[in-house]
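Protein chains get the first letters and strands the later ones, always in sequence-line order, with residue 1 at the start of each. Keep in mind the model is a prediction, meaning the values are calculated, not measured.
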Number of protein chains: 2
Amino acid sequence: MGAEGHADGTVGKALDVLDMVARHGRPLRFSDLLVQSDYPKATLYRLLQTLTHQGMLTLDPDQGTYALGVRLVRLAHAAWAQSSLAPIARPYLDELAEKTGETIHLAQMDLGQVLYVDKRNAARPVEMFAQAGKVGPAYCTGVGKAMLAWLHPDQLDQALARQSFHRHTDQTLDTPEKLMAELQAIRARGHAFDREEHEKGIICCAVPILTRSGRVLGALSVTSTTARTTLAALEEQAGLTKDIAARIAAEAESWRFPEQN
Amino acid sequence: MGAEGHADGTVGKALDVLDMVARHGRPLRFSDLLVQSDYPKATLYRLLQTLTHQGMLTLDPDQGTYALGVRLVRLAHAAWAQSSLAPIARPYLDELAEKTGETIHLAQMDLGQVLYVDKRNAARPVEMFAQAGKVGPAYCTGVGKAMLAWLHPDQLDQALARQSFHRHTDQTLDTPEKLMAELQAIRARGHAFDREEHEKGIICCAVPILTRSGRVLGALSVTSTTARTTLAALEEQAGLTKDIAARIAAEAESWRFPEQN
DNA sequence: CCGTTTGGTTCCATTATGTGAAACTTTGTC
DNA sequence: GACAAAGTTTCACATAATGGAACCAAACGG
């Protein structure tokens with residue numbers, strides 16, 4: 001088990017435990033955690049104590065179960081507020097959503113996975129926390145491929161190593177080779193498509209958000225269904241989407257020199 | 001400088017650093033952090049490396065600044081989703097907001113401070129992430145006092161030790177003694193008032209959310225302004241608010257036995 | 001009732017880990 | 001080309017994490 005990475009040091013282990021609690025949606029007992037982790041009893045116990053004492057976990061004394069603590073929520077608030085893109089991008093997402101009438105995703109890269117940090121739903125209003133924070137695969141989503149395509153070679157290697165290449169649909173690019181070829185095409189074209197590679201019937205057109213120096217900040221996608229539109233139609237929005245992406249990038253970059261003299 | 005608690009062990013220090021980054025809204029440089037923390041250079045450096053490597057922080061290579069990492073956002077998503085009350089309480093908050101027409105706060109206790117986990121604004125629609133996650137003082141807010149009043153003596157002591165008793169307005173209860181007397185009254189009455197103790201012109205009526213065993217899960221408040229209404233008028237909503245609080249508590253408690261046989 | 005199991009907590013000798021002063025390497029400045 | 005500021009690495013040392021085993025408490029079962 002323990003598909004987790006090389007846990008460096010004590011804090012690595014502690015965070016590993018945190019993830020373990022986070023993964024299962026529900027409060028867990030000590031023994032539940034014990035069987036999953038390959039840490040010995042006493043070690044795990046101490047880690048849990050520390051995390052609890054630090055407010056990262058909460059121990060429900062009635063049930064004897066551990067859940068993620070409130071300190072995380074507080075940190076998250078700060079994380080979201082300062083995680084470069086999300087707060088800056090807000091008005092631009094609104095604009096893009098309004099102009100296209102489609103679902104918009106704003107994503108960033110998280111250790112080879114795609115992390116959705118904001119979203120505009122075609123139908124209903126926002127509902128932030130409930131949807132942001134989700135993760136998805138990189139190799140078979142529009143935003144994922146858009147980011148991979150412009151990633152620094154080193155980081156790309158790392159990211160590729162973390163892809164499962166599970167065949168979600170019969171369109172899924174299920175080998176590194178196929179994906180590399182696709183990334184090449186994406187770079188040439190300037191934007192990425194999702195041709196129902198992740199979910200049957202879901203298509204999208206995605207563009208990267210890049211700094212002037214070419215670093216990948218995130219990606220932006222316009223998503224729809226085959227029932228409602230076609231890839232070709234979505235591609236017509238690519239220009240607008242790129243424009244918005246550029247404006248987000250510009251603002252993100254200019255936004256870096258607050259007080260220091 | 002180091003107003004932080006007793007940092008137990010290495011993870012304590014690491015989390016301390018995380019908080020430090022979180023506190024300042026903006027990306028920080030190594031040297032910025034160095035002057036604030038009283039950790040020696042090398043130690044801080046290693047902590048930052050570990051946290052960065054773990055995805056809890058991000059090092060912007062262009063600027064050499066640290067910001068909170070995406071892993072945190074992911075964890076937070078889980079935290080919010082499972083932090084007992086917030087997701088359960090949603091529909092109830094909607095109901096309360098609709099029936100009262102006032103601003104509603106849902107809060108939990110976080111190391112002696114009040115953490116707002118959800119909110120309904122009287123005027124505009126939701127806007128979750130931007131508002132939840134905020135913290136405030138316990139001794140001079142309605143939700144804070146409501147929770148303190150029913151806290152277990154041990155925890156109450158801890159919480160009291162963390163209050164600043166800063167005099168925000170001339171109504172603020174600025175000593176532990178005054179506060180203790182007030183808590184007594186609150187227990188007797190069953191709900192807490194905020195008599196412009198935190199902010200001039202802002203009043204509220206708050207009730208605790210308690211388990212059957214009497215443990216404090218959180219608090220719920222109906223907030224308004226002196227311009228719009230009076231405490232007496234707000235108190236008329238206390239019955240309804242208590243009712244809603246009870247229903248939230250009931251659902252939170254029944255929600256605890258997922259799979260285990 | 002008393003033996004047994006299960007779930008949780010504490011001990012403590014061992015050693016791995018983290019520590020931090022100082023030295024070193026960049027990178028930027030005049 | 002010397003100087004400084006910012007960031008990174010080293011290494012002898014001590015603290016802090018480790019985990020096997022013992023312990024405790026409550027639930028079970030006969």
Chemist: What string of B, S and - do you get for nucleotides 7-21 of chain C, 5' to 3', when a contact is any protein heavy atom under 4.0 Å?
Modeler: SBBB------SSBBB

Chemist: May I have the distance from Leu48(A) (atom CG) to dT18(D) (atom P), rounded to whole angstrom?
Modeler: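 To the nearest whole Å, that distance equals 12 Å.
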
Chemist: Going by the rule salt bridge (charged side-chain N to carboxylate O under 4.0 Å, His left out), which residues pair with Arg247(B) if we only count those two or more places apart in sequence or in a different chain?
Modeler: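 With neighbours one apart ignored, the set is Glu95(B), Asp243(B).
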
Chemist: Are Phe165(B) and Tyr139(B) close enough that their ring centers fall under 6.0 Å?
Modeler: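 Ring centroids of Phe165(B) and Tyr139(B) are less than 6.0 Å from each other.
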
Chemist: Please list, chain by chain and in numerical order, all residues satisfying salt bridge (charged side-chain N to carboxylate O under 4.0 Å, His left out) with Asp157(B), sequence neighbours excluded.
Modeler: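 Applying salt bridge (charged side-chain N to carboxylate O under 4.0 Å, His left out) to Asp157(B) gives none.
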
Chemist: Ignoring hydrogens and angles, state whether a donor on the side chain of Gln54(A) or Arg71(A) is under 3.5 Å from an acceptor on the partner side chain.
Modeler: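 A pair is found: one side chain offers a donor N or O, the other an acceptor, under 3.5 Å apart.
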
Chemist: Does either side chain, that of Asp16(A) or that of Tyr39(A), offer a donor lying less than 3.5 Å from an acceptor on the other one?
Modeler: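 Distance-only check passes for Asp16(A) and Tyr39(A).
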
